[in-house]
Asks: 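Below you will find the structure I want to go over with you.
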Number of protein chains: 2
Amino acid sequence: MLSRASILDAALELADERGLGATSMRAVAERVGVTPMALYPYVGSKAALLDGLVDRMLAEFLPDIGAHEGRPWRDRLRLIGYGVRELARRHPTTFTLLFDRPAVTPDAVRVVDAIYRALLDAGVPDKDVPRLERLFTTFCLGFALSDVNGRFAVGGVNPRARRAAAAPGAVPAHEQLAPVLDSELDLDAEYEADLENLIDLVASVADR
Amino acid sequence: MLSRASILDAALELADERGLGATSMRAVAERVGVTPMALYPYVGSKAALLDGLVDRMLAEFLPDIGAHEGRPWRDRLRLIGYGVRELARRHPTTFTLLFDRPAVTPDAVRVVDAIYRALLDAGVPDKDVPRLERLFTTFCLGFALSDVNGRFAVGGVNPRARRAAAAPGAVPAHEQLAPVLDSELDLDAEYEADLENLIDLVASVADR
DNA sequence: ACCTGAACACCGTTCAAGT
DNA sequence: ACCTGAACACCGTTCAAGT
């Protein structure tokens, strides 16, 4: 039976399988076995369909957050950070939509509230809580997006080629760091270290 | 005279004026006074044209970086942070492309090298330098992208509406923070505070 | 009430043709 | 060597028509 939910399901599946670029109204319609124009009463427009995908991703994220209620605030922030990264891996091309629109839907506000609570439990002054929420989520979303988009070039262009791309002497730090840059990149470990640093940052704002 | 540079100039102008969505091969061609297919020998494809826009933005960013050579490392990181935000404001719709591809062009490597140098001067151990470079730029790019995309909803949906969107009692932290959330959002001041926190984070990794 | 089908104004890109 | 023009296989969306 045709419904808004079934259309969004089909669209998200299609995006996960063939990419957001292949997720046209026509392709979604074909997947649900209907003519493109039949979608419009249910989703309004292509842009509104994409908003719907953001909602669906947030709804998927929410149970994750409920699960770590009652744990120490540091654990909660860490787990939220990991959750964002997993969400990006499940929906590598739709994930970018989270950067497009403000968190105004009920589910989005609930996610933000969970982070507010962790920051308040950490002892962050009220006035700094919304700022640190934005700092934390901006980093998590940015890292996950960079990762799925290949900005960190994992397994891609090697560091030697990168140094060679610049004029000799133009990138002295790359030369000094050559041994480190040539070693393999472990993004999971890196993200973990980043989250620890950010959690310490939160603690330092709390203890001020 | 038709050339790769003049085509990229036209494309970037068009994107700044009418948005990246309106920047079609056909529209760029019209602006340079030629048929769409005449662009292909110079830019290769639409995707390659977008890569060219990334290059152009980085080239624009580079003099900025050269200008603060010799200043203390904290100033250099701060100025790079501000520069990223200004770049986003100048190119609000093309900016998102910086999240799409790894920093492998000569100009991109030079930007990364300037940040490596600041981190090395701060006393960050070699092994942590590339990680903190990615942490810093990921936050700066993410904040600027959120800003130009309206993710922070400046002047948009008001906080009272946001709280009302959730079931009563579902967002206790929003209720506790109501006075703070109702006060006006100053993103410039917020970004400044964020950068100070991140610079302190760098110092803390250096002093460990 | 719900869906279809033709049509419109767009895309990026191929390919043969012009000068 | 450089550019044009027609054509192909796509888009999102409007609007009138069908059941």
Side-chain angles (χ1 to χ4, degrees), chain A residues 1-57 91-101 149-150, chain B residues 1-57 91-101 149-150:
Chain A
M1 194 207 44
L2 204 53
S3 69
R4 183 180 159 79
S6 68
I7 293 168
L8 292 178
D9 283 355
L12 192 56
E13 278 177 35
L14 196 59
D16 292 343
E17 285 169 22
R18 299 209 225 295
L20 195 60
T23 307
S24 63
M25 296 299 275
R26 284 166 150 96
V28 173
E30 193 184 19
R31 184 172 266 249
V32 298
V34 92
T35 252
M37 285 316 299
L39 303 178
Y40 281 79
Y42 299 95
V43 300
S45 68
K46 176 75 181 284
L49 182 142
L50 297 180
D51 284 342
L53 293 186
V54 171
D55 271 2
R56 279 249 358 197
M57 287 191 289
H91 310 296
T93 64
T94 21
F95 187 78
T96 187
L97 298 173
L98 290 170
F99 260 115
D100 280 3
R101 292 158 238 277
N149 277 359
Chain B
M1 192 209 44
L2 204 54
S3 68
R4 182 180 159 81
S6 68
I7 293 168
L8 291 179
D9 283 355
L12 192 56
E13 280 177 33
L14 195 59
D16 292 343
E17 286 169 22
R18 300 208 226 294
L20 195 60
T23 307
S24 63
M25 296 300 274
R26 287 167 148 96
V28 173
E30 192 184 20
R31 185 173 265 249
V32 297
V34 90
T35 252
M37 285 316 299
L39 304 177
Y40 281 79
Y42 299 95
V43 299
S45 68
K46 176 75 182 287
L49 181 143
L50 297 180
D51 284 342
L53 293 186
V54 171
D55 271 2
R56 278 250 357 199
M57 288 191 288
H91 309 296
T93 64
T94 22
F95 187 77
T96 187
L97 297 173
L98 290 170
F99 260 115
D100 280 3
R101 291 158 237 277
N149 278 359

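In what follows, chains carry the letters A, B, and so on, assigned in the order in which the sequence lines appear, proteins first and then strands, with residues in each chain numbered from 1.
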Asks: From A:Asp16 CG over to A:Leu12 CG, what is the distance, rounded to the nearest 0.5 angstrom?
Replies: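 Between atom CG of A:Asp16 and atom CG of A:Leu12 there are 4.5 Å.
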
Asks: Can you sort out the partners of A:Asp100 under side-chain contact (heavy atoms from CB on, under 4.5 Å), two or more places apart, ordered by chain and number?
Replies: A:Leu97, B:Asn149

Asks: In whole angstrom, what separates B:Tyr42's OH from D:dA1's P?
Replies: 12 Å

Asks: For every nucleotide of nucleotides 8-19 of chain C, 5' to 3': is a protein heavy atom under 4.0 Å from its base (B), only from its sugar-phosphate (S), or from neither (-)?
Replies: ---BBBBB----

Asks: Return the value, rounded to whole Å, for the distance between atom CE of B:Met1 and atom C1' of D:dC2.
Replies: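 Rounding to the nearest Å, CE of B:Met1 and C1' of D:dC2 are 13 Å apart.
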
Asks: Distance from B:Arg4 atom CZ to B:Leu39 atom CG, nearest 0.5 Å?
Replies: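 Output value for this atom pair is 11.5 Å.
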
Asks: Using a 3.5 Å limit on both pairing distances, list the dot-bracket string of DNA chain C from the 5' end; Watson-Crick and G-U wobble pairs count, crossing pairs take [ ], interstrand pairs take |.
Replies: ||.|||||...|||||.||

Asks: Can you list the residues that meet the salt bridge (charged side-chain N to carboxylate O under 4.0 Å, His left out) rule with A:Arg31, with sequence neighbours excluded?
Replies: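 If we apply the salt bridge (charged side-chain N to carboxylate O under 4.0 Å, His left out) test to A:Arg31, skipping adjacent residues, the hits are A:Glu13, A:Glu17.
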
Asks: Restricting to pairs with a member in residues 32-48 of chain A, which pass side chain to side chain donor-acceptor pair (under 3.5 Å), not counting sequence neighbours?
Replies: none

Asks: Could you state the CG-P distance from B:Leu2 to D:dA1, rounded to the nearest angstrom?
Replies: 17 Å

Asks: For A:Ala5, which residues count as a side-chain contact (heavy atoms from CB on, under 4.5 Å) partner, sequence neighbours excluded?
Replies: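 For A:Ala5, the residues satisfying side-chain contact (heavy atoms from CB on, under 4.5 Å) (neighbours in sequence not counted) are A:Ser3.
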
Asks: Calculate, to the nearest 0.5 Å, the distance between atoms CG and CZ belonging to B:Leu50 and B:Arg101 respectively.
Replies: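 Going from CG on B:Leu50 over to CZ on B:Arg101, the span is 6.0 Å.
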
Asks: In residues 18-30 of chain A, what donor-acceptor pairs under 3.5 Å come from side-chain atoms, sequence neighbours left out?
Replies:
from: A:Thr23; atom 1: OG1; to: A:Ala15; atom 2: N; distance (Å): 3.4
from: A:Thr23; atom 1: OG1; to: A:Gly19; atom 2: O; distance (Å): 2.9
from: A:Ser24; atom 1: OG; to: A:Ala27; atom 2: N; distance (Å): 3.0

